[in-house]
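Read through the structure below, which is laid out as C-alpha cells, and then see the notes.
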Amino acid sequence: MSTEQFHVDEVSPSYWRVTFDNGPVNLLDPDTVEQLAVLVDRIEAAPDLTVVVFRSDTPGYFMAHWDFLSDTSRVVGMPLGPTGLHPYLDNFVRLSRVPVATISEIRGRTRGAGSEFVLATDIRLASERAVLGQFEVGVGAVPGGGPMARLGRLVGRGRALEILLGGEDVPAARAAEYGYVNRLVPDAELERVTDAFARRIAAFDKVAVAGIKQLVDVATLPADDELARGLDAYFATAGRPEHRPFVGLLLEHGLQRPDGVETDLGTAIGRLRQGS
C-alpha cells in the first residue's frame, strides 16, 4: 500500500491546506499521479470549498522533480483520465480548472514536474529561498506537463525560451521579476502572508470566486490538445538510451538526495554536460 503524499487540513469548509510529503526531496512518482487524481476529485466535489493552499514542510524542497528511478512502464500503462488525457497531464488540466482558487506556497526547490505542478495552480507565492526551473533539456527531454504552453502565457515568449532552453535554476527574485511567480515574500513571512490571502478569498462568495476564475480561464488557459502535444514529445524523448549514462552520472553526484547536486541542479547539469 502506498504512503499518503497529500495531507489535507480542512481549516474550514471553504479553506483547505494541503501539505505534500514524499521522501527527503519531495519527488513526484506514479503514486503522486494516482493520489493527486483522488485529491482533485475531492476538491471538485466539495460544495463550499473556495480556496486550497498547497505547501511543503520538507526543508529546502517544495517538489523537487519527477523520480528518475520510478517505474516507467507503470506510468505509460496508466488509463486515461476524465479529460481523455494521460492522468499525469489530466491532473494538471483539471487542477487548473477546478471552481476553487488554488495557491502554491513555494518554499524551496521546485523544478521539472514540481514546476509543472505550481504552473497548474492559479497563484504562486514564493519564499525568497525558493528555486524554480525546467531542467529537462539538460537530460535530453522535452518537458511533458505543459510548461511550454503555460510559461509563454505568463512570462512571454523570450523569457519562456530562456527558462526552457537554458535549463538553469531560476532564483525566486528572478522568478518574481519574470512573472513565473506572483510575488516574492520573506521566508519567515511566507506562511502568514499565504494564510492571510487564502482566508481573504475563503471569506468571499464561492459563486463569485468560481465565476471570475472560469472567465479568466477562458482568456488564459491553453487548450487540451496544445498540452497533449507536449506530453507526447516528453514520452518520445525522455529516457532515450543515449542519455541514460548522463542521468546515471547525476545520480552518482547526488541527484534525488538533499545534499547532492539537487542543491544547485541547473549549474551541475551545465557543468557536467560541458565537461562531458
| Is the ring centre of Phe20 less than 6.0 Å from the ring centre of Phe62? | no
Please find the pair of heavy atoms, one from [X] and one from [Y], that lie closest to each other, and give the distance.
X: Val75; Y: Pro30; answer: CG2-CG, 3.6 Å
X: Pro143; Y: Glu116; answer: CB-OE2, 3.5 Å
X: Gly140; Y: Arg240; answer: O-NH2, 2.5 Å
X: Gly230; Y: Met148; answer: CA-CE, 3.9 Å
X: Arg94; Y: Ala37; answer: NH1-O, 4.0 Å
X: Asp90; Y: Gly81; answer: OD1-C, 3.4 Å

Supply the atom-to-atom distance [X] [atom1] to [Y] [atom2], rounded to the nearest 0.5 angstrom.
X: Ile43; Y: Thr102; atom1: CD1; atom2: OG1; answer: 8.0 Å
X: Tyr61; Y: Arg109; atom1: OH; atom2: CZ; answer: 4.5 Å
X: Leu119; Y: Leu154; atom1: CG; atom2: CG; answer: 6.5 Å
X: Ser127; Y: Arg183; atom1: OG; atom2: CZ; answer: 13.5 Å
X: Asn22; Y: Thr3; atom1: CG; atom2: OG1; answer: 8.0 Å
X: Gln35; Y: Asp29; atom1: CD; atom2: CG; answer: 8.0 Å

| message | Name the residue from Leu39, Val38, Thr19, Asp21 that meets the side-chain contact (heavy atoms from CB on, under 4.5 Å) definition with Phe6. | response |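 When side-chain contact (heavy atoms from CB on, under 4.5 Å) is applied between Phe6 and each of Leu39, Val38, Thr19, Asp21, only Leu39 qualifies.
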Tell me the side chain to side chain donor-acceptor pair (under 3.5 Å) pairs involving [range], sequence neighbours left out?
range: residues 165-174; value: Arg111-Asp169
range: residues 149-161; value: Ser96-Arg150, Arg153-Glu226
range: residues 201-223; value: Asp122-Lys213

Path from [X] to [Y] over hydrophobic side-chain contacts below 4.5 Å:
X: Leu89; Y: Leu28; answer: yes
X: Trp66; Y: Leu85; answer: yes
X: Ile201; Y: Leu49; answer: no
X: Leu221; Y: Val98; answer: no
X: Met63; Y: Leu27; answer: no

Would you mind reporting whether [Y] and [X] have side-chain heavy atoms less than 4.5 Å apart?
X: Val18; Y: Val52; result: yes
X: Leu227; Y: Leu231; result: no
X: Pro87; Y: Val33; result: yes

| query | Which residue pairs satisfy the ring-ring contact (aromatic ring centres under 6.0 Å, His included) criterion with at least one member in residues 96-138, sequence neighbours excluded? | reply |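 For residues 96-138, and leaving out neighbouring residues, the ring-ring contact (aromatic ring centres under 6.0 Å, His included) pairs sorted by first residue read Phe54-Phe117, His65-Phe135.
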| message | For residues 173-202, which residue pairs pass the ring-ring contact (aromatic ring centres under 6.0 Å, His included) check, not counting sequence neighbours? | response | none
| query | Should Tyr15 and Val53 be marked as a side chain to side chain contact (heavy atoms under 4.5 Å, CB included) after you check the CA-CA gap, both sets of side-chain angles, and the distance that decides it? | reply | CA-CA 8 Å; Tyr15 173 25; Val53 171; 3.8 Å; yes
Hey, can you pull the donor-acceptor pairs under 3.5 Å for the side chains in residues 246-261, sequence neighbours left out?
from: His253; atom 1: ND1; to: Leu249; atom 2: O; distance (Å): 2.9
from: Gln256; atom 1: OE1; to: Phe68; atom 2: N; distance (Å): 2.6
from: Gln256; atom 1: NE2; to: Asp67; atom 2: OD1; distance (Å): 2.9

| said: The criterion is side-chain hydrogen bond (donor to acceptor under 3.5 Å, both in side chains); which residues satisfy it with Thr72, sequence neighbours excluded? | reply: none
| said: Tell me which pairs pass salt bridge (Lys or Arg N to Asp or Glu O under 4.0 Å) where either residue lies in residues 51-62, with sequence neighbours left out. | reply: Arg55-Asp57, Arg55-Glu105, Arg55-Glu191
| request: Can you run down the salt bridge (Lys or Arg N to Asp or Glu O under 4.0 Å) pairs that involve residues 124-148, sequence neighbours left out, and say none if there aren't any? | output: Arg129-Asp187
| request: Evaluate the criterion side chain to side chain contact (heavy atoms under 4.5 Å, CB included) for residue pair Leu125 and Ile103; output intermediate values, then yes/no. | output: CA-CA 7 Å; Leu125 303 181; Ile103 303 171; 4.3 Å; yes
| said: Determine whether Thr237 and His243 satisfy the following criterion, side chain to side chain contact (heavy atoms under 4.5 Å, CB included), listing intermediate values before the conclusion. | reply: CA-CA 10 Å; Thr237 57; His243 293 285; over 6 Å; no
| query | Who passes ring-ring contact (aromatic ring centres under 6.0 Å, His included) against Phe235, sequence neighbours left out? | reply |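 Listed in chain order: His86.
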| query | Who are the ring-ring contact (aromatic ring centres under 6.0 Å, His included) partners of Trp16, not counting sequence neighbours? | reply | none
| said: Could you go through Val137 and Leu164, starting from their C-alpha distance and side-chain angles, then the distance that decides it, and tell me whether this counts as side chain to side chain contact (heavy atoms under 4.5 Å, CB included)? | reply: CA-CA 7 Å; Val137 67; Leu164 292 160; over 6 Å; no
| query | Listed by chain and number, what are the salt bridge (Lys or Arg N to Asp or Glu O under 4.0 Å) partners of Asp31, not counting sequence neighbours? | reply |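 Here the qualifying residues are Arg74.
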| request: Determine, stepwise, if the pair Glu44 / Arg97 fulfils salt bridge (Lys or Arg N to Asp or Glu O under 4.0 Å). | output: CA-CA 9 Å; Glu44 290 175 337; Arg97 295 175 181 165; over 6 Å; no
| With distance as the sole criterion, is a donor-acceptor pair present between the side chains of Ser115 and Thr110 under 3.5 Å? |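 Their side chains do not contain a donor-acceptor pair, so the 3.5 Å distance test is not met.
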| Side-chain donor-acceptor pair under 3.5 Å between Asn26 and Gln5, yes or no? |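 Not at all, the side chains of Asn26 and Gln5 share no donor-acceptor pair under 3.5 Å.
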